[in-house]
Amino acid sequence: MTATAAAPGRVPPSRTLAAHRPRARQRADRVAIVLFLAPALLLFIVLVLAPIALAATVSLFKWNGFVTSDPTLVGLDNFTRLLRDQVFVGDLRRGLTIIALSLVLQLPMALGLAMLLNQPLRGRSLYRLLFFAPYVLSEVTTAVLFRIVFSPEHGLATRTLAVVGLGDLGETWLADPDTVLFWVFVVISWKYFGFHMILYLAGRQNIPRELLEAATTDGANAWQAFRHVTLPLLGPTIRISVFLSVIGAIQLFDMVWVLTGGGPVHASEVMAVTMYRFGFERFEVGYASAMSIVMFLISLVFALLYQRFVMRRDIEGALTVMGGQR
Amino acid sequence: MTSRTHLSRRSLLSLAGAGVGAALLGACGDGGTPSDPTAPQTIDWWHIQTTEPLKPLWAALAKEYETAHSNVKINITDQENDAFKKKLTTVTQAGNPPSLFQSWGGGVLKQQVDAGLVKDLTEETSSWIGELTPIALEQYTVDGRIYAIPWDMGMVGFWYNKELFERAGITSTPATWGELLDAVRKLKSAGITPIALGGKDKWPGHFYWSYLAIRIAGVDALKQAAADKNFDNPDFVAAGQRLKELVDLQPFQTGFLGAGYEETDSQASTMGNGQAAMELMGQWAPSVQAAWSASKKGIGDKLGFFPFPAVEGGKGAVTDAFGGGNGFAVGKDAPPATVDFLRSIVSAANQRRAAETGAILPVNKAALDAVRDPNAKLVAKTFASATGFQLYLDQAFAPAVGEQVNDSVAELIAGRKSPEQVTKDITAAAQNT
């Protein structure tokens, strides 16, 4: 990691490159920076910051969303209402459940498959392709597909169970409030495990063969080599994969919307679905905006904390070092 | 308590410090409308007839109008019910409604009227509005002004499979709630699924609670509750309790909570394939059953209709009707030919063509003779002699309240909410608006 050598403190300020540059050159650099940065910055302001500011403002109002009707200022009422809203509080619980299931089931499965597909194996690339294929489908396509698979009477899942004599078990896949969230998770996993698998596979291939050979020479068995060499070296990959998985769960919308619409009786509803319902079905745009702000804050706080405490070492090398100063 | 101040739209948007956002929203606003009916113009027509027989008929009407008026082009966007509602929401909120679009009147239309998004049609239609059945106009009239024109009318009632009723030994259609519950028990013991319900879509379920509320509390009580924003009334709780009696018999098809109204394995297909004995649905039910059945024909003349039964001791008359027709509203920026085209849709000749398909009950009085199907005739007769009328609650009330009715009733049907909780939640939603 070359970045550590350039970390502030190691290099005395007087010896940095910038100090040696003539002033005119410095100014030209600044102009170039501004010119290159301006278009991106403008887009960022228009497409990211402005909508956030707008949503934050709207969240303080009661407003039906029609540009022709006047909003009423209600202060933080929308936010206190969120805390009392059983559906929204349930959304948080369901979001956490999906995250927990992802971490406990989906990611380890992807890791296991990645390790297997790293072994010499006949048709290895075919398997890799097959497992990765679902990720290429859009969420909506996936959801429509699984609505057909889980269709109560004529669905593939029900029919398959019937063939093996377990017909009574099925039929209520997405219709039972107690199990619907699990099946939604299964569909999410089906779509995304291949993506995580490819991440792990790429990470695994970056691990020098010599290290594993050395471990084997030292008498480590396969499990010990995996536990003490492969796994620690996969750390950065695993940390980024967990990060993507959690952020994905917070933003989950399309899949749930098409698959179940959040039902039955809110049992598979997630934050973004509730937000959509209030914004676009009930015309309570102020309240929906308050939800979007909470979602934004949850993502932001999680991302900051995660990067600060979990991914700190992984991203150190990735940050641009400018003139020896961060 | 926070103080409630009114702010104009402009000051809110500028307050956001997001002039760009405002510009983006504003850009969706006006497109400039020609006022000359002979100038080249395009009518954007959004309707929800995505299946036979109305979809091709609507397309034919547009084509014919284009041929007769070379300066007019008609762009049709046809979408399934729920998709339409969502897309319409987006464009109406941006202040940019289509020229001509599906409307059910009621609270949703009123909200569009209040926001200045739809045209007042009272004057422009006065020369021919008399051709239409007056009761059908009621749901589109806001403060005495007409904002949408009906092209279909009707009511919700039970559609039943005569053969399955016979097989279960049910000799006459249920006239009271008790008799309905008996019929359900008989059907169940005969191994027949008594009722098809699309629980995922929620609105089909709200018909049950609404009709029970109408029978027990009466139409006026519902209207009063909406005006007072208070549904905390023992009669509405009783409606929930009656519904719970039905739900406790487990009358619905397997997996009904995940089924939609119209798709494969839905309420309509279950009825159309003869796999359930009845459904509570509006006048369009036979054509949708046919469209989603495996044979594309539905159950044909095995299908019968009976009005929602009376509830013992209820204040509402058994002749009070619940439901509504379909109409078209005209967007604020619609080109001038739109109303003329709308007039051609509801002309006697075209209403007769639509009625002959069996998919609608015509509102043009001169076209009523085109209704041939005995069930449709029965619906028309029952509707015409209705002593009171209540529009679908999810259309009659403001969207926030209507959606809460749908949500809460769905939870009651899923056994997750008590009848008391349902009225409490609806009241809370009403008071929030």
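For clarity, every value in this text was computed on a predicted model and none was experimentally measured. Note on naming: letters A, B, ... go to the chains in the order of the sequence lines (proteins, then strands), and numbering restarts at 1 for each one.
Of the atoms belonging to B:Lys417, not a single heavy atom falls under 4.5 Å from chain A. In this structure, the portion of A:Leu259 lying under 4.5 Å from any heavy atom of chain B is its backbone and not its side chain. Of the two parts of B:Ile413, neither the backbone nor the side chain holds a non-hydrogen atom closer than 4.5 Å to a non-hydrogen atom of chain A. Only the side chain of A:Tyr276 comes within contact range of chain B, with at least one heavy atom under 4.5 Å from a heavy atom of that chain. Contacts between B:Gln404 and chain A at a heavy-atom distance below 4.5 Å involve backbone atoms as well as side-chain atoms.
We find that B:Lys85 and A:Glu281 are not joined by a salt bridge, their nearest charged nitrogen and carboxylate oxygen being 4.0 Å or further apart.
Most heavy-atom pairs under 4.5 Å with chain A: of the set B:Gly260, B:Gly258, B:Gly402, B:Ala410, this distinction falls to B:Gly258. Ranking B:Arg416, B:Gln112, B:Glu263 against chain A, the residue ahead of the rest is B:Arg416, based on heavy-atom pairs under 4.5 Å.
Applying the salt bridge (Lys or Arg N to Asp or Glu O under 4.0 Å) criterion to A:Glu284, with sequence neighbours excluded, gives A:Arg81.
In terms of modelled atom types and a separation under 3.5 Å, the side chain of B:Gln93 and the main chain of A:Phe283 share no donor-acceptor contact. Side-chain atoms of A:Lys62 come within 3.5 Å of backbone N or O of B:Asn432 as a donor-acceptor pair.
Note that the OG1 atom of A:Thr260 and the NZ atom of B:Lys200 stand 7.0 Å from one another [nearest 0.5 Å]. Atoms CG and CG, on A:Leu174 and B:Leu257 in that order, are 11.0 Å from each other to the nearest 0.5 Å.
The shortest distance between side-chain heavy atoms of B:Thr264 and A:Arg147 does not fall below 4.5 Å.
In the displayed structure, B:Asp248 atom CG is contacted under 6.0 Å by more than 12 heavy atoms of other residues, nucleotides or ligands. The environment of B:Glu420 atom CD is dense: over 12 non-hydrogen atoms of other residues, nucleotides or ligands sit within 6.0 angstrom. Counted within 6.0 Å of NZ on B:Lys244, heavy atoms from surrounding residues, nucleotides or ligands total 12 or fewer; the atom is thus considered open.
Contacts between residues 176-189 of chain A and chain B, defined by a heavy-atom separation under 4.5 Å, are made by A:Pro177, A:Asp178.
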